[in-house]
Amino acid sequence: MLTPPQLLLLPLLSALVAAAVDVPKTCSPKQFACKDQITCISKGWRCDGERDCPDGSDEAPEICPQSKAQRCQPNEHNCLGTELCIPMSRLCNGVQDCMDGSDEGAHCRELLGNCSQLGCQHHCVPTLNGPTCYCNNSFQLQADGKTCKDFDECSVYGTCSQLCTNTDGSFTCGCVEGYLLQPDNRSCKAKNEPVDRPPVLLIANSQNILATYLSGAQVSTITPTSTRQTTAMDFSYANETVCWVHVGDSAAQTQLKCARMPGLKGFVDEHTINISLSLHRESLAPSLEGVEGQRKWGLAGAEADG
C-alpha cells in the first residue's frame with residue numbers, strides 16, 4: 001500500500017507549522033504532550049513500547065509504571081529483585097545465573113525428591129518457593145500448574161519481522177510480496193528489483209539532501225540539492241517525489257518544497273508548495289488530529305511496500 005499524497009504532506013505540514021511557531025505547543029485532548037513542550041503525539045502511542053517523543057517521555061517509567069514490572073516469558077524464571085529472566089532449565093544446574101545466587105543452593109538437592117510427587121507433564125525443578133513445573137520450548141504452563149499447552153510465539157512482538165504463523169510447538173515466519181526471508185528465518189529484506197536500481201538512502205542535513213547507496217557510497221548520478229535546516233522530509237515512491245520543509249530566517253520564509261526524482265537519476269522540477277502561515281495553530285490542529293493515529297500506519301505501509 002503506497003502512501004496517499006495527502007497523507008504524505010500532513011507530517012510535513014505539521015513540521016512546517018512547528019517551525020514557524022516559537023512558543024510551546026498546546027496539545028489537543030486527544031494528544032499527549034512530550035516533555036519538550038513542542039511535540040504532540042497521539043495518546044494511543046503512549047506506553048506502546050516505542051519512543052515516539054524525541055525525549056522518550058511517552059515511555060518514561062512515571063508515565064508507564066506497569067513497564068517497571070517486567071514479565072518473563074513462559075518457561076523463564078525472574079531472578080529475585082531484578083528484571084533478569086533466565087530459562088527454567090538453568091535452575092539448579094550448578095551454574096549461578098542470578099546475581100544473588102537464588103537459582104542455585106541447598107534447596108536444589110533438598111527439594112528434588114518432591115518433584116516426583118508433583119506430576120508435571122514436561123519438567124520439574126526445585127525453587128526457593130518449592131518444586132515448580134515448566135514446559136518444553138514453544139509450550140506454556142496451564143492454570144493447574146502441571147499441564148502444558150502450545151504457546152503462540154506470534155503474540156510476542158518482534159518474533160518475526162513481518163508475517164508470523166503459529167504451529168503446534170513451533171512457528172514460521174514469512175515476508176510480504178517484494179521481500180525475501182533471510183537465513184535467520186525471521187527477518188526480511190527487500191528484493192533488488194529491478195536489478196539496475198539498487199536501494200538508495202536519502203539523507204537530509206542542514207545544507208543539502210544527498211543520496212547514498214546502503215554501503216555509504218554516494219550516488220554519482222544524483223547531485224545533492226541545496227537546502228537549509230531541513231526539519232522534515234518524506235518520499236512518495238508512487239510519484240517518485242521527495243518533499244521537505246525548508247526553514248527560512250522568518251516564518252514567512254519557511255517553505256514546503258518538493259522535487260521529482262524520475263528513475264532516481266537526480267532532482268528535477270523543484271518547486272515550492274504555497275502554504276498560508278497566517279492560519280492559527282489552533283485552527284490547523286483539528287485537521288491534523290484526524291490523521292494522528294493514521295500517520296504511523298501510513299508511513300509504515302509505505303516502507304513495507306516500497
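Both backbone and side-chain heavy atoms feed into the values below; hydrogens, waters and symmetry mates do not.
- Residues C148 and F139 come closest through the heavy atom pair CB-CB, 4.2 Å.
- Atoms CD1 and OG, from I63 and S57 in turn, are 7.0 Å apart once rounded to the nearest 0.5 Å.
- Among all heavy-atom pairs drawn from Q121 and T147, the shortest one is OE1-CA, 3.2 Å.
- At least one donor-acceptor pair closer than 3.5 Å links the side chain of Q162 to the backbone N or O of V176.
- In this structure, the side chains of P262 and V268 come closer than 4.5 Å at one or more pairs of heavy atoms.
- When every heavy atom of L181 is checked against every heavy atom of C173, the shortest pair comes out as CD2-O, 3.7 Å.
- Checked against the 2.5 Å cut-off, the SG-SG distance between C120 and C115 does not fall under it.
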Full working for side-chain contact (heavy atoms from CB on, under 4.5 Å) between R90 and V95: CA-CA 8 Å; R90 292 187 185 177; V95 179; over 6 Å; no

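- Here the shortest heavy-atom pairing between C108 and P126 reads O-CG, 3.5 Å.
- Listed for the Q182 side chain is no donor-acceptor partner under 3.5 Å among the backbone atoms of C188.
- Side chain of D269 to backbone of R260: no donor-acceptor contact under 3.5 angstrom is found.
- Nearest heavy atoms, L202 versus A211: CD2-CB, 3.9 Å.
- Of all heavy-atom pairs spanning E153 and T159, the tightest one is O-OG1, 2.7 Å.
- Summarising the geometry, atom CD belonging to E76 is positioned 10.0 Å from atom CE belonging to M88; distances are rounded to the nearest 0.5 Å.
- A donor-acceptor contact under 3.5 angstrom links the side chains of D100 and S102, judged on distance only.
- Of the candidates L111, T132, L112, L118, C124 forms a side-chain contact (heavy atoms from CB on, under 4.5 Å) with just one, namely L118.
- With hydrogens and angles ignored, the 3.5 Å screen pairs no side-chain donor or acceptor of N114 with any backbone N or O of P131.
- Listed for the N78 side chain is a donor-acceptor partner under 3.5 Å among the backbone atoms of L84.
- Q117 contributes no side-chain N or O that, together with a main-chain N or O of G119, makes up a donor-acceptor pair within less than 3.5 Å.
- If you take SG on C53 and CG on D36, they are separated by 6.5 Å, rounding to the nearest 0.5 Å.
- Linking ILVMFWY residues whenever their side-chain heavy atoms come closer than 4.5 Å, directly or via other members, places Y213 and M261 in the same cluster.
- Cluster annotation: L163 is connected to Y179 through the hydrophobic network of ILVMFWY side chains, with a link wherever side-chain heavy atoms come within less than 4.5 Å.
- A disulfide bridge does not connect C160 to C154: their SG atoms sit 2.5 Å or farther from one another.
- In this structure, the separation between CD on E104 and CG on L91 is 7.5 Å, given to the nearest 0.5 Å.
- N166 places no side-chain N or O within donor-acceptor distance of the main-chain N or O of F171, the cut-off being under 3.5 Å.
- Counting only distance, with no hydrogens or angles, the side chain of K191 and the backbone of E177 share no donor-acceptor pair below 3.5 Å.
- One distance of note links OG1 of T127 with OH of Y134; it measures 12.0 Å at 0.5 Å rounding.
- You'll find the side chain of F267 reaches within 4.5 Å of the side chain of I209, heavy atoms only.
- In this structure a side-chain-to-backbone donor-acceptor pair under 3.5 Å is missing from R186 to S161.
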One pair to check against side-chain contact (heavy atoms from CB on, under 4.5 Å): D97 and C79. What are the steps and the verdict? CA-CA 9 Å; D97 295 292; C79 293; 5.7 Å; no

For a side-chain contact (heavy atoms from CB on, under 4.5 Å) check, start with the C-alpha distance between C258 and H271, then their side-chain angles and the critical distance, and finish with the verdict. CA-CA 6 Å; C258 293; H271 57 282; 3.7 Å; yes

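- Taken to the nearest 0.5 Å, the CD1 atom of I86 stands 5.5 Å off from the NE2 atom of H77.
- Side chain to side chain, S155 and D152 fail the donor-acceptor criterion of an N or O pair below 3.5 Å.
- C34 has its SG atom at least 2.5 Å from the SG atom of C40.
- No chain of hydrophobic side-chain contacts below 4.5 Å, direct or via other Ile, Leu, Val, Met, Phe, Trp or Tyr residues, connects V125 to L128.
- Looking at N75, its side chain does come within 3.5 Å of a backbone N or O of C135 through a donor-acceptor pair.
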